[in-house]
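Below, each value reflects all heavy atoms present in this structure, side chains not excepted, and no hydrogens, waters or symmetry copies. Below, chain A is the first sequence line, B the second, and so on; all start at residue 1.
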There are 2 protein chains.
Amino acid sequence: MTPLSLSPRETARRRLLDALRREGPMARVEIGHHLGMSPASVSELAAGLLDEGVLVAEDSADQGSGLLRGRPKTRLYFAETLGSVVGVWTGFNRIELRLLDSAGRTRASRHVERPLRNLGGEELMDVLAHTIAAFAEESGARDVKAVGLACQGYVDTRDGIVAWSPVLGTRDLPLASGLSQRLGKPVLMENDASAMAFAIAQRNADLRSGRTACLMVGDGVGLGFLIQGELYRGARFGGSEFGHVRLRRSGPQCRCGGRGCIEAYLADYALHRDAQLIDHRPAPTLLLPGEEAMEAIVEQARSGDTALLNLFHAAGEVLGDAVGILIQTLEPDHIVICGPGTRAMDLLRPAFEAALKSQTIPELRALATIHVVESSMDLLTEGVVMQALRELDLDLARLRAA
Amino acid sequence: MTPLSLSPRETARRRLLDALRREGPMARVEIGHHLGMSPASVSELAAGLLDEGVLVAEDSADQGSGLLRGRPKTRLYFAETLGSVVGVWTGFNRIELRLLDSAGRTRASRHVERPLRNLGGEELMDVLAHTIAAFAEESGARDVKAVGLACQGYVDTRDGIVAWSPVLGTRDLPLASGLSQRLGKPVLMENDASAMAFAIAQRNADLRSGRTACLMVGDGVGLGFLIQGELYRGARFGGSEFGHVRLRRSGPQCRCGGRGCIEAYLADYALHRDAQLIDHRPAPTLLLPGEEAMEAIVEQARSGDTALLNLFHAAGEVLGDAVGILIQTLEPDHIVICGPGTRAMDLLRPAFEAALKSQTIPELRALATIHVVESSMDLLTEGVVMQALRELDLDLARLRAA
DNA sequence: TTGATTTATTCAAGCTGTGAATAAAGTAGG
DNA sequence: CCTACTTTATTCACAGCTTGAATAAATCAA
């Protein structure tokens, strides 16, 4: 779906629409300032977009706050008629749904508790298609133009195939085409950490310059890597399942079948499992703990439970090693630690910082500023929709051109 | 030195000169075919370069091998008058020197055995300047336009500062400016693994497409990463000292002061040290073993020495883990293992492949083709000169433009 | 109503790259 | 030796994109 390289026009167009989605309605001059474009260029681009019906000019009414001299600005924004996109995140036993309009504004969202792990490929696609259709229906959205779908695992973003995912029982599942058939709409896929990284960078201009490595800790551990605000694409898959890098030769069991993966220390399921073991309760199945259960563990640790503190210490150390590897390999300008796992950052931090320090020389460590962003999974659905919207923008332009 | 982004013209110019350096003299049509450029563009570009005196047209004499119909080609190539560049690699107790003309052809090369580790910054720069000047002198090169210098460690390519290097006793040494003052010529620096990666990619077109991670194993372990044939640049330093990623919590001692780094298993000094320990000889100082010593160890292992085989087994395992991390993080299209360390690839391979397999899922592993390139350190000096030449090309163009 | 002020558009010009026509420089063959 | 043919190189007009400057537009202030 994504073309190899964009024409200058397409790039400029994309920059303009991206800016509008991030900043809200803007007048042409403002866009020019924002993007460092000449007024002539903005005018030209805007004329095209207005012509195509992508943008509309705002009524020059009540914007009067400030100087009222000179010709008033006419702000541009997305046409309401462009339709909307549903963003979906599939977790272990939970589906997160969100409806956004073409401007990127949330119109509705909800989540569904539903175990997905034991479904076959066809069943899963049926369930997803049904859930998505029902959500669109109940949200009164009759103008859904596409679906953006994010999940853990190795996601081939071009073909919409999930090569492997801890969430799925099946390998090499053509999820996008299957859903697309069922829903009659294009379905665009993304690795979940990549989607999260993109969404976070949309909200922080700093993170859109240079290189940003975004480590998402939650149900698993994923990595989204951005260069100049654009997602780095590897040979085939989008984001990396960085959580399955094996850091300890003989560490705890991981969902992937291996041992000592980063995930096996840091992910919710791992912390929960190990906490249960301490309490001599029977080892739980691989069902993911809910947020309350995780909060309870964190609280217990904060109140001084030594055995639990040791767990977080080990996890923090692994996090430090992981960030150390990222710094040594990618030398990013920014490192973001995000996802539900940041809830315990206070507990992780001492060991995290000690491990990071022992891995990297100060000159190297000084390069990357480390941001801890408390982000829940619903930001993620925003990210995947944003990416989908950009693809639709392109398609629209090409359709007109042809 | 390197500008943030190149103008279209500069890009085209660079592509043309790169192609000529790689492929040798070519006629305009051939260049056009090679680069997918229209004859009109090539003509225009070439006219400029001929005008500036960068290129000259070959005498249309003795090229007659093949069809002789039609207007004969006039091949273009670099003017002899453009001068030459010295490429230098500084190792632990060895300096590798090479003189190349502006076409990238080697005119002279030699190496000097000289311990460098215990010199202070000023002393080191004196020694290097003297060695380089003497080499240029003895090679009869009176037209040296610049020096390219590669070494291990964290090299700030923009400012020519070595933040840390196992080779140097000093931190944050402004090596480029120091040498530049002494020699009266511009000095361009590069991390040694990056230089090697670039040189190898110049010789293999495959490696110039997509993403190529190049792991150099020798005195240490370094990583050069290429995207579409261009060196990936992190926030500050060029290549990464990937060898100092700590893979084992309590592994053998590393030169960096840490334990369990990749280097501490794979680098020549590590293998040599551990081999000595087996033989109950006193642990050697950090002097690097020569090629003969390393060959001897490898031969002894090949003949069935179990203790030595175990060393190579452990090293191979670490190599597999390292490549696994690279695949999981960068998802490259190509992985190159190069440097003197490949001499023992047969011994490393079984453990290497087993470790790699246990780290990565087959879908992921299938993406990256693994190339083992037997390359000695003198290829490296070629790489650093190539990069320096490209910078000079740009400077030349800008000089004329101004 | 006029002038000041800010926003938007238009226009000519520059830079880059291309296809098509044209020129150039030879060989092949009579 | 001349003509036809073939391949290489250049020229030229044009298209795509961006820009600075001039111009037009839309409002408020006086």
Side-chain angles (χ1 to χ4, degrees), chain A residues 3 5-16 19-20 25-51 55-77 397-398 400-402, chain B residues 3 5-16 19-20 25-51 55-77 397-398 400-402:
Chain A
S5 70
L6 268 48
S7 74
R9 250 298 151 69
E10 286 171 323
T11 309
R13 189 188 152 102
R14 165 165 284 190
R15 291 216 304 145
L16 197 158
L20 278 183
M26 278 194 286
R28 292 169 178 77
V29 239
E30 294 168 329
I31 296 172
H33 273 138
H34 214 84
L35 301 179
M37 270 180 197
S38 72
S41 298
V42 180
S43 237
E44 161 88 1
L45 275 171
L49 288 162
L50 287 165
D51 202 50
L55 299 182
V56 289
E58 218 177 41
D59 257 10
S60 56
D62 54 319
Q63 7 165 320
S65 70
L67 289 181
L68 285 181
R69 275 198 279 191
R71 175 173 172 175
K73 304 170 199 267
T74 49
R75 290 191 226 286
L76 303 176
Y77 210 48
R398 288 189 177 149
R400 300 273 164 163
Chain B
S5 70
L6 269 48
S7 74
R9 251 299 151 70
E10 285 171 323
T11 310
R13 188 188 153 102
R14 165 164 285 190
R15 290 216 304 145
L16 196 158
L20 277 182
M26 278 193 285
R28 292 170 178 77
V29 240
E30 295 168 330
I31 296 173
H33 273 138
H34 214 83
L35 300 179
M37 271 180 195
S38 71
S41 299
V42 180
S43 236
E44 160 89 1
L45 276 170
L49 288 162
L50 288 165
D51 201 50
L55 298 183
V56 288
E58 219 177 39
D59 257 8
S60 56
D62 54 320
Q63 10 167 319
S65 70
L67 288 182
L68 287 181
R69 276 199 278 191
R71 175 173 173 175
K73 305 170 199 265
T74 49
R75 290 191 227 284
L76 303 175
Y77 209 48
R398 290 191 175 146
R400 298 274 164 163

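The distance between atom CE of M26(A) and atom C1' of dT7(C), rounded to the nearest whole Å, is 15 Å. Rounded to a whole Å, the CZ atom of R13(A) is 16 Å from the P atom of dG16(D). In this structure, the CG atom of L55(A) is 15 Å from the C1' atom of dA8(C), given to the nearest Å. Between the CZ atom of R28(A) and the C1' atom of dA24(D) there is a distance of 14 Å, given to the nearest Å. Taking atom CZ on R9(A) and atom C1' on dT18(D), their separation rounds to 9 Å, with Å as the unit. One can place NZ of K73(A) at 13 Å from C1' of dT27(D), the figure rounded to the nearest angstrom. Rounded to whole Å, atom C1' of dT19(D) lies 16 Å from atom CG of L35(A).
Legend: salt bridge (charged side-chain N to carboxylate O under 4.0 Å, His left out) pairs involving residues 33-42 of chain B, not counting sequence neighbours: none detected. Within the structure, every pair that satisfies the salt bridge (charged side-chain N to carboxylate O under 4.0 Å, His left out) test and touches residues 29-44 of chain A, not counting sequence neighbours, is listed here: R9(A)-E44(A), E30(A)-K73(A), E30(A)-R75(A).
In the helix from dT1(C)-dA30(D) to dG30(C)-dC1(D), the end axes, each obtained as the rotation axis mapping the C1' atoms of four pairs onto the next four within a five-pair block, lie 30° apart to the nearest 10 degrees.
Here H33(B) pairs with nothing under the side-chain hydrogen bond (donor to acceptor under 3.5 Å, both in side chains) rule; sequence neighbours left out. For T11(B), there are no side-chain hydrogen bond (donor to acceptor under 3.5 Å, both in side chains) partners two or more places apart in sequence or in a different chain. Judged as a salt bridge (Lys or Arg N to Asp or Glu O under 4.0 Å), and not counting sequence neighbours, the contacts of R13(B) are E52(B). Residues passing the side-chain hydrogen bond (donor to acceptor under 3.5 Å, both in side chains) test with S41(A), sequence neighbours excluded: S38(A). In this structure A46(A) satisfies the side-chain contact (heavy atoms from CB on, under 4.5 Å) test together with R28(A), L76(A), sequence neighbours excluded.
Remark: P39(B), A40(B), S43(B) in residues 39-47 of chain B come within less than 4.0 Å of DNA chain D through at least one heavy atom.
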Scan nucleotides 27-30 of chain C against the protein and return all N/O pairs shorter than 3.5 Å with their distances rounded to 0.1 Å.
residue	atom	partner	partner atom	Å
dT27(C)	O4'	L68(B)	O	3.2

